[in-house]
Each structure stands twice: as structure tokens, then as C-alpha cells.
> 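Below: one structure in C-alpha cells.
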Amino acid sequence: MGKLIVHQDKVTDINAMISICPFNALEEKDGKLEVNAGCKLCKLCVKKGQPGAMEYVEEEVKTVDKSLWNGITVYVDHVNGEIHPVTFELLGKAGELAKKINHPVYAIFIGSGIEKKAEELLHYGVDKVFVVDAPELKEFQMESYTAAFEAFVNEIKPSAILVGATPVGRQLAPRVASRFNTGLTADCTILDIHENTDLVQIRPAFGGNIMAEILTPNSRPQLATVRYKIMDAPERSAEAKGEIVKISVPAEKLKTRTQVLGITQKQKEKSIENADILVVAGRGLKKKEDLDLVRELADALGGDIACTRPLAEAGWLDAKHQIGLSGRTVRPRLIITCGVSGAIQFVAGMNNSDNIFAINTDPNASIFKVANYAVIGDIYEVIPKLIEQVKQGKGVKA
Amino acid sequence: MEILVCIKQVPGSNKVEVDPVTGVLKRNGADSKMNPYDLYALECGLKLKEQYGGRVSVITMGPPQAQAIIKEAYAMGADAGAIVSDRAFGGADVLATAHTLAQGIKKFGKFDIILCGLQTTDGDTAQVGPEVSEQLDIPCVCNVKEIKGVEGDNILVDMEMAQDIEHLKVSFPCLITVQKDIVQPRLPSYLKKKDTEDREIVMYTLKDMEDQNKNNYGLNGSATQVQRIFPPTSDKVQVTWDDPADVLAEKIYSTIKSRKLLG
Ligand SMILES: Cc1cc2nc3c(=O)[nH]c(=O)nc-3n(C[C@H](O)[C@H](O)[C@H](O)COP(=O)(O)OP(=O)(O)OC[C@H]3O[C@@H](n4cnc5c(N)ncnc54)[C@H](O)[C@@H]3O)c2cc1C
Ligand SMILES: Cc1cc2nc3c(=O)[nH]c(=O)nc-3n(C[C@H](O)[C@H](O)[C@H](O)COP(=O)(O)OP(=O)(O)OC[C@H]3O[C@@H](n4cnc5c(N)ncnc54)[C@H](O)[C@@H]3O)c2cc1C
Ligand code: SF4
């Protein structure tokens with residue numbers, strides 16, 4: 001917290017100063033150097049500018065008594081009581097963090113007719129599961145869920161709250177954070193905790209091109225959202241530990257200005273966006289029938305088939321299977337591209353995949369720049385052998 | 001019907017690099033553009049107006065240069081625009097951004113529907129919409145994949161959830177964040193651009209706001225603090241295999257197996 005002061009007498013070269021600021025926040029006005037609203041207080045001009053020209057002064061900060069806020073809480077994401085697996089992953093993380101600062105682990109479970117389901121959570125190292133169970137909470141509505149959450153925060157005063165970055169979590173968490181005038185860090189990939197209970201939140205921004213480390217040092221509770229499959233879920237313990245505590249919220253607090261008219265199940269089609277394993281067909285395939293080869297490999301690996309745009313355009317596969325800028329963005333744990341050149345429009349849709357294998361005959365194919373495993377070979381020779389290997393490995397006769 | 005669309009100016013490309021020594025963002029090229037996700041929100045606003053009548057206004061918080069995206073919105077068909085800009089607003093996180101925008105919105109007018117993009121391409125939090133709705137104390141629905149229509153003082157929307165679609169009726173005033181691809185945004189029109197060249201852009205600074213406490217804005221009003229930024233470290237393997245087909249197949253398989261990647 002602080003502000004920037006310009007000492008005009010120390011400014012020897014205005015244009016040189018202006019060019020330092022990466023945010024175009026420095027400008028000249030009537031021969032004077034001025035800071036405009038674009039300033040991000042990155043302090044680069046202080047460090048790199050003409051000596052003494054820019055000064056950064058700390059301002060008084062509001063503080064909070066952190067010792068009054070206790071416990072690492074996980075929001076239980078669910079649909080009709082079916083708990084989303086991100087919840088267990090977060091409980092694992094919450095356990096680690098809580099241990100470091102000697103705090104309890106809590107879960108907050110909001111819904112209707114969920115009390116029985118809460119018992120499952122007791123197998124994942126939670127000290128207390130707080131349950132807000134009311135008929136008004138049957139479907140997710142932002143206002144009623146926020147009211148329930150608010151009651152929990154007011155009563156328990158947790159130090160930190162971890163929320164799965166699901167469609168519900170991503171809209172509920174900001175509304176709650178705003179109600180308590182506190183910070184929320186989006187899509188954290190790494191979480192740690194300081195001794196003073198400040199949560200260290202690390203997240204990607206700018207489409208993953210940079211990482212930012214973020215603290216919420218002067219307010220409580222601290223909120224963070226975390227995507228599914230980032231943290232590791234702990235083993236389910238056989239015995240149940242911890243207790244279930246009910247929190248009741250007066251019905252009039254659960255009123256909303258939205259009305260749920262109905263719910264439609266989404267078509268349960270397997271989408272490549274959620275796939276863990278993908279085998280991608282490119283124009284290296286000579287004819288449509290050869291897709292069977294790629295499909296067989298996908299089946300053997302327990303994955304799905306995807307393709308580049310030319311194949312979708314030719315009608316070999318439905319557009320739903322197309323990866324890329326004008327197709328789907330995928331992030332599987334394993335992706336094997338077969339005869340794909342690696343055009344940037346394709347790569348944009350898959351470069352965040354965890355393990356990229358690329359099979360291509362051309363050693364200079366651009367796909368090899370993003371591949372973790374660049375396999376220089378002919379798909380018509382490699383794939384059949386690979387299918388054989390996989391099947392043998394599974395004990396199935398090839 | 002009064003419709004407001006929140007739009008943000010973002011860097012032209014998100015290919016940023018971090019200076020490893022200073023830890024400061026290096027932006028390649030100073031060009032900037034309207035957040036692509038906001039084009040969908042704006043298009044939804046324009047469509048609603050075409051269907052039900054009314055006005056479409058836009059608002060942005062940012063440096064004075066951000067007026068450029070208001071002009072762009074005019075060229076697409078927006079009727080009025082405001083920019084919320086002040087040195088005191090710099091360095092804002094979502095909390096402070098939402099507070100500032102909410103203050104600006106209150107000043108700007110009374111709106112039935114406020115539309116936001118799902119997220120931005122720079123900060124990328126998707127949090128500003130719901131936080132603004134809280135500051136204004138109005139209902140909010142995010143992740144909207146379809147706007148079904150307007151019925152009296154309500155809007156009917158489909159919200160996409162993990163496994164299903166929730167059909168909601170939301171009473172005015174309300175805030176809605178729309179998904180990418182909900183509609184196809186129109187292109188700016190040259191004629192409209194010419195026509196709106198001199199159209200006013202309202203400017204609000206701190207002194208126009210109802211809340212005059214400087215500590216609720218900008219860096220001071222931010223609850224989160226970026227401690228440092230750094231390039232993503234990659235522990236990624238990069239190997240090249242150039243062997244006969246059976247050796248390649250064997251290498252692929254054993255790697256997949258040892259890395260526990262099998263389904
Ligand atoms: C605006 C725009 C948006 C686009 N969006 C997308 C998108 O969303 N998704 C997308 O995929 N594309 C998209 N494209 C198209 C993109 O630019 C490429 O044209 C496309 O990705 C190429 O597909 P490909 O790799 O299958 O084919 P090619 O580029 O033709 O590559 C075929 C590759 O197969 C290799 N090969 C040939 N025979 C064999 C063999 N026997 N064994 C092994 N390898 C072999 C070749 O060496 C070559 O590298 C877009 C383009 C534009 C302009
Ligand atoms: C690397 C980095 C990481 C960051 N991480 C966090 C974080 O975790 N938590 C946090 O609180 N802040 C964070 N910030 C700050 C945050 O990006 C800014 O506060 C920004 O003002 C708002 O967020 P956004 O870009 O994520 O917008 P989003 O919430 O993604 O935007 C959603 C929609 O809100 C509207 N909108 C957003 N900004 C404006 C605006 N200025 N004017 C008009 N409409 C707007 C648009 O309709 C937009 O489509 C981070 C900033 C950086 C540089
Ligand atoms: S602190 Fe950073 S953003 Fe602000 S004027 Fe200096 S260089 Fe520019």
C-alpha cells in the first residue's frame with residue numbers, strides 16, 4: 001500500500017522516464033512528468049528512473065487481528081449431494097496447510113437433504129463439517145448460497161476458505177468475498193501458508209504466460225479458488241473422524257430475486273475438453289478409414305479421439321472433436337498427436353496438456369516445439385506397434 | 001429498457017514476459033484492445049435493445065487511453081459511454097475494481113440489466129461481475145449460455161453448470177455474465193464510427209463518487225497484493241526419439257506406463 005510521488009526537480013529527461021513505464025502510465029503534461037490512472041505501482045520507475053525522480057511512500061494500512069480467525073475451510077462443491085471430487089483434493093491441501101499453523105480443518109456444506117452425505121467427508125481428515133440444510137437451498141442460486149455462507153463465516157470466523165473453481169465456486173466465491181470486503185485469488189495452482197496465517201497463493205495469469213504470488217495480508221477470511229485436478233486427493237481413511245455441526249439460517253435470509261424455472265440435464269456426451277487421454281488425428285492420415293487405427297489406439301489407452309481442423313472440415317469427425325483456436329481447448333494428462341504439423345491455431349488449444357507425445361515423419365514439424373516427446377516416425381508403422389504394446393501390457397492378446 | 005455493458009481494455013496480446021531481474025512485466029508492444037469476452041456481452045446488449053427497445057450504455061474503468069474501447073463500442077452501436085479514471089484507482093484488485101465500478105455505475109444511471117464478459121484475457125479472474133453485483137446489491141447469474149428473452153421486469157436465462165443447465169428467471173435490476181460464443185459479435189461499422197466520432201464520453205474521477213474515502217480505491221482498497229510475478233517454471237521434459245518404429249513404440253509405451261498415464 002502506498003503512493004508514488006514525482007520530484008520534478010530530479011527529472012532530467014522526461015522521455016526517458018516515460019519509456020521506462022511498461023504500462024504507459026507516465027506522461028508529459030505542460031513540461032511536467034505525471035503519473036496517470038494506468039499506474040500499477042510496479043515501482044519500476046523508482047528503481048530504473050533517474051535517481052530520486054520517483055519516490056514511493058508507504059501509507060498506513062488497515063489491519064486485522066488474525067488470531068481471531070481460525071481454521072482452514074473447504075467449500076463442499078456438489079450437485080444434489082453428489083460431492084465433486086475437487087472437494088477431496090482441497091481437503092487434502094487444507095490438511096497440509098492447517099498442520100503448518102496448527103489450525104483445524106473445516107468443511108462447509110450448503111444444500112438441501114445433504115446431511116447424510118456429509119458423513120462421507122469425515123473420511124478425509126476434516127475436524128468439523130458445518131452443514132446448512134434447507135429446502136430453499138435445493139438448487140444453486142447465488143443469493144441464497146451467499147446468505148448461507150455468510151452465516152457460516154460470521155459464526156465460525158475461518159482464516160482461509162478454499163473453493164473449487166467449478167461453475168458454482170467461481171461465482172459464489174466472489175460474491176462472498178465482496179460481502180466480507182476481503183480478497184479472493186482466482187485459480188491458484190500452488191498454495192502454502194506463512195506462520196502468521198497468511199495464505200500464499202500462486203496463480204497463472206495472462207493465459208498462463210506468467211505466474212503471480214498473491215497474499216491477502218490485511219483482511220480475513222482469505223478466499224482462494226482452485227481448479228479440479230491441481231491438488232492431490234488424500235486416501236480415503238477407513239474410519240470416520242470429526243463431527244457434523246448444523247448451522248441454521250432463517251428462511252427469510254434465503255430469499256432470492258431469482259427463480260429456478262427448471263433444470264435440464266446436459267447431454268452426457270463425453271467431451272474432449274474433459275478427457276484425460278486424447279489421441280489426435282491429423283492430415284498425416286491418408287484416408288478416412290485410417291481413423292480406425294487412431295481410434296483403436298485411443299480405445300486401448302482408455303482415451304478419446306480428437307482431430308485437427310482439416311479433418312473436421314472434411315467431415316471425417318464431428319466438429320466436437322476438433323482441437324484448437326476455432327475448436328476446443330483441451331488439457332489432458334496425456335495427448336498423442338498423429339500426423340499433426342502443429343500450426344499455432346492447433347497448438348493454442350492443447351499446449352497446456354501435461355504430457356505431449358507427437359508422432360510425425362518430418363523432423364522439422366513445429367509440433368515438436370511443444371512436444372515433450374518428439375517421436376520422429378511414420379504413424380502407419382508406429383501406431384500398430386504401439387497398440388500391440390498397450391494390449392500386451394494389459395494382458396490382452398494382440 | 002436500460003442496458004449497461006462493462007468493458008475492459010486489455011493488452012493486444014497476452015504474450016507477456018517477466019523480466020527475470022526486476023520481476024516486472026514486459027509487454028510486447030503497447031497496443032491494446034477491448035477484452036474479447038466483452039464483445040459477446042456487448043452483442044447481447046445490442047440484441048436485447050433491438051428486440052425490446054431501450055438503450056445500451058458501456059462503462060469502463062481504466063487509464064484515459066481506455067476511451068478507445070468506448071469509441072469502438074459506439075461503432076458497434078452503443079448509445080452512451082462512461083470512463084471511470086483516476087490515479088487513485090490504480091493498482092486495484094477485483095475488490096477495489098468492483099467497488100469503483102459500482103460507484104461509477106450508480107453515478108452513471110439506473111440500469112435494468114448489467115452485462116459483463118465471463119472473464120478477461122489479462123487478469124483472467126472472472127470475479128469482477130459477481131463482486132459488482134454484490135456492491136450494487138442486485139441478483140447475479142454467471143456463466144449464462146443463452147438469453148431466452150425478457151418478460152416484464154425479468155430476464156430469462158440459461159446458466160451452464162457442471163452437469164446441467166439451470167433455467168432462471170431474474171428480476172430487474174440484475175447482473176449477468178455471459179459465456180464466450182453465446183452470440184456472434186458484430187463488426188464495428190465504419191458509418192457508425194464516423195457518426196459517433198464526436199459523441200461524448202462521460203468521465204468520472206474520485207471526486208464524482210458517492211464514497212469519497214480514498215482508502216477504498218486502487219491499491220489501498222485492494223485486499224489482495226501481488227507479491228511478485230515470475231515466469232512459469234517448467235519441469236517439462238523435451239526429448240526427441242528417432243529410432244525404428246518398434247523401438248519408438250516400446251519407448252512411448254514404457255514412458256506412458258512409468259508416468260502412470262494409462263487410463
Ligand atoms: C483462423 C484459423 C483458425 C484455425 N483454427 C484451427 C483449429 O482450431 N484447429 C486446427 O487444428 N487447425 C486450425 N486451423 C488450421 C491450421 O492452421 C492448420 O491448417 C491445421 O491445424 C493443420 O492440420 P494438420 O496438422 O492435421 O495438417 P498438416 O498441416 O497438413 O500436417 C500434416 C502433418 O502430418 C505429417 N505426416 C504426413 N504423413 C505422415 C505419416 N505417415 N506419419 C507421420 N506424420 C505424417 C506431416 O509431416 C505434417 O506435419 C486454423 C486456421 C486459421 C487460419
Ligand atoms: C498477474 C495478475 C494476477 C491477478 N490476480 C488477482 C487475483 O487473484 N485476485 C484479485 O482480486 N485480483 C487479481 N488481479 C487484479 C485483477 O486482474 C484486476 O483487479 C482487474 O481489475 C479485474 O480483474 P480481471 O481482469 O480478472 O477481470 P474479470 O473478473 O476476469 O472480468 C470479468 C468481466 O468484468 C468486467 N470488467 C473487468 N474489469 C473491468 C474494468 N476495469 N472496467 C469495466 N469492466 C470490467 C468485464 O465485463 C469483464 O469481462 C491480478 C492482476 C494481475 C496482473
Ligand atoms: S510504478 Fe510502474 S506502473 Fe506506475 S508509473 Fe512507475 S513504472 Fe509505471
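Throughout, a chain's letter reflects where its sequence line sits, starting with A, and its residues are numbered from 1.
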> Less than 4.5 Å to any heavy atom of chain A: does that hold for the side chain of B/Val239, its backbone, both, or neither?
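Both backbone and side chain of B/Val239 come within 4.5 Å of chain A.
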
> If you count heavy-atom pairs under 4.5 Å with chain B, which of A/Gln171, A/Gln201, A/Arg175 comes out on top?
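Option with the top pair count is A/Arg175.
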
> Name the member of B/Ala162, B/Ala96, B/Gly129, B/Cys174 that forms the most heavy-atom pairs with chain A at distances under 4.5 Å.
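Maximum pair count with chain A is reached by B/Ala162.
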
> Check whether any side-chain N or O of B/Asp86 sits under 3.5 Å from a backbone N or O of B/Leu206 as a donor-acceptor pair, and report yes or no.
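Judged by distance alone, yes, a pair lies under 3.5 Å.
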
> Looking only at atom types and distance, does a side-chain atom of B/Asn35 sit under 3.5 Å from a main-chain N or O of B/Gln119, one as donor and one as acceptor?
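Present.
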
> Got a salt bridge between B/Arg87 and A/Glu34, using NZ or NE/NH1/NH2 to carboxylate O under 4.0 Å?
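The answer is no: the pair does not qualify as a salt bridge.
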
> Checking heavy atoms, do the side chain of A/Phe140, its backbone, both or neither come under 4.5 Å from chain B?
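Looking at A/Phe140, backbone and side chain both touch chain B.
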
> Please determine, among A/Glu27, A/Met142, A/Glu139, the option with the most heavy-atom pairs under 4.5 Å with chain B.
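Counting heavy-atom pairs under 4.5 Å, the top option is A/Met142.
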
> Mind ranking A/Ala186, A/Gly183, A/Pro174 by heavy-atom pairs under 4.5 Å with chain B and telling me who comes out on top?
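Most pairs with chain B among the choices: A/Pro174.
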
> Tell me, side chain or backbone of A/Glu381 under 4.5 Å from chain B's heavy atoms, or both, or neither?
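For A/Glu381, backbone and side chain are both near chain B.
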
> Pick whichever of A/Val382, A/Leu334, A/Thr264 has the most heavy-atom pairs under 4.5 Å with chain B.
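The option with the most such pairs is A/Thr264.
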
> Which atoms of B/Gln65 come close to chain A, meaning under 4.5 Å heavy atom to heavy atom: side chain ones, backbone ones, both, or neither?
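Contact with chain A is through the side chain of B/Gln65 alone.
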
> Can a donor-acceptor pair be found, under 3.5 Å and without considering hydrogens, that links the side chain of A/Thr166 to the backbone of A/Gly169?
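Checking the backbone N and O of A/Gly169 against the side chain of A/Thr166, a donor-acceptor pair under 3.5 Å is found.
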
> Could you walk me through whether A/Glu150 and A/Val176 satisfy the side-chain contact (heavy atoms from CB on, under 4.5 Å) test, starting with their C-alpha distance in whole Å, then the side-chain angles of each, then the deciding distance to 0.1 Å, before giving a yes or no?
CA-CA 7 Å; A/Glu150 180 185 10; A/Val176 172; over 6 Å; no

> Under a 3.5 Å distance rule, please check whether B/Ser85 uses its side chain to pair with a backbone N or O of B/Gly62 as donor and acceptor.
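Pair found, side chain donor or acceptor close to backbone of B/Gly62.
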
> Is A/Ile202 close to chain B through its backbone or its side chain, or both, or neither, when contacts mean heavy atoms under 4.5 Å?
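A/Ile202 touches chain B through side-chain heavy atoms alone.
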
> Please state whether the side chain, the backbone, both or neither of A/Val79 comes within less than 4.5 Å of a heavy atom of chain B.
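Side chain only.
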
> Is the backbone of A/Arg333 close enough, under 3.5 Å, to the side chain of A/Asp276 for a donor and an acceptor to pair up by distance?
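No.
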
> Please classify the contact of A/Val260 with chain B as side chain, backbone, both or neither, using a heavy-atom distance under 4.5 Å.
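For A/Val260, heavy atoms of backbone and side chain both lie under 4.5 Å from chain B.
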
> Checking A/Phe357 against chain B: side chain, backbone, both or neither under 4.5 Å from a heavy atom?
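The side chain, not the backbone.
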
> Taking A/Gly377's backbone N and O only, do any of them form a donor-acceptor pair with A/Thr361's side chain (distance below 3.5 Å, no angle check)?
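No; zero donor-acceptor contacts below 3.5 Å.
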
> Pick whichever of A/Ala25, A/Pro217, A/Ala173 has the most heavy-atom pairs under 4.5 Å with chain B.
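The option with the most such pairs is A/Pro217.
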
> Just give me the residue among A/Leu4, A/Thr146, A/Leu184 that pairs up with chain B most often, heavy atom to heavy atom, under 4.5 Å.
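Looking at each of A/Leu4, A/Thr146, A/Leu184 in turn, A/Leu184 comes out on top.
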
> Can B/Gln135 and A/Ser178 be counted as having a side-chain donor-acceptor contact under 3.5 angstrom?
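Yes - a donor-acceptor pair under 3.5 Å links their side chains.
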
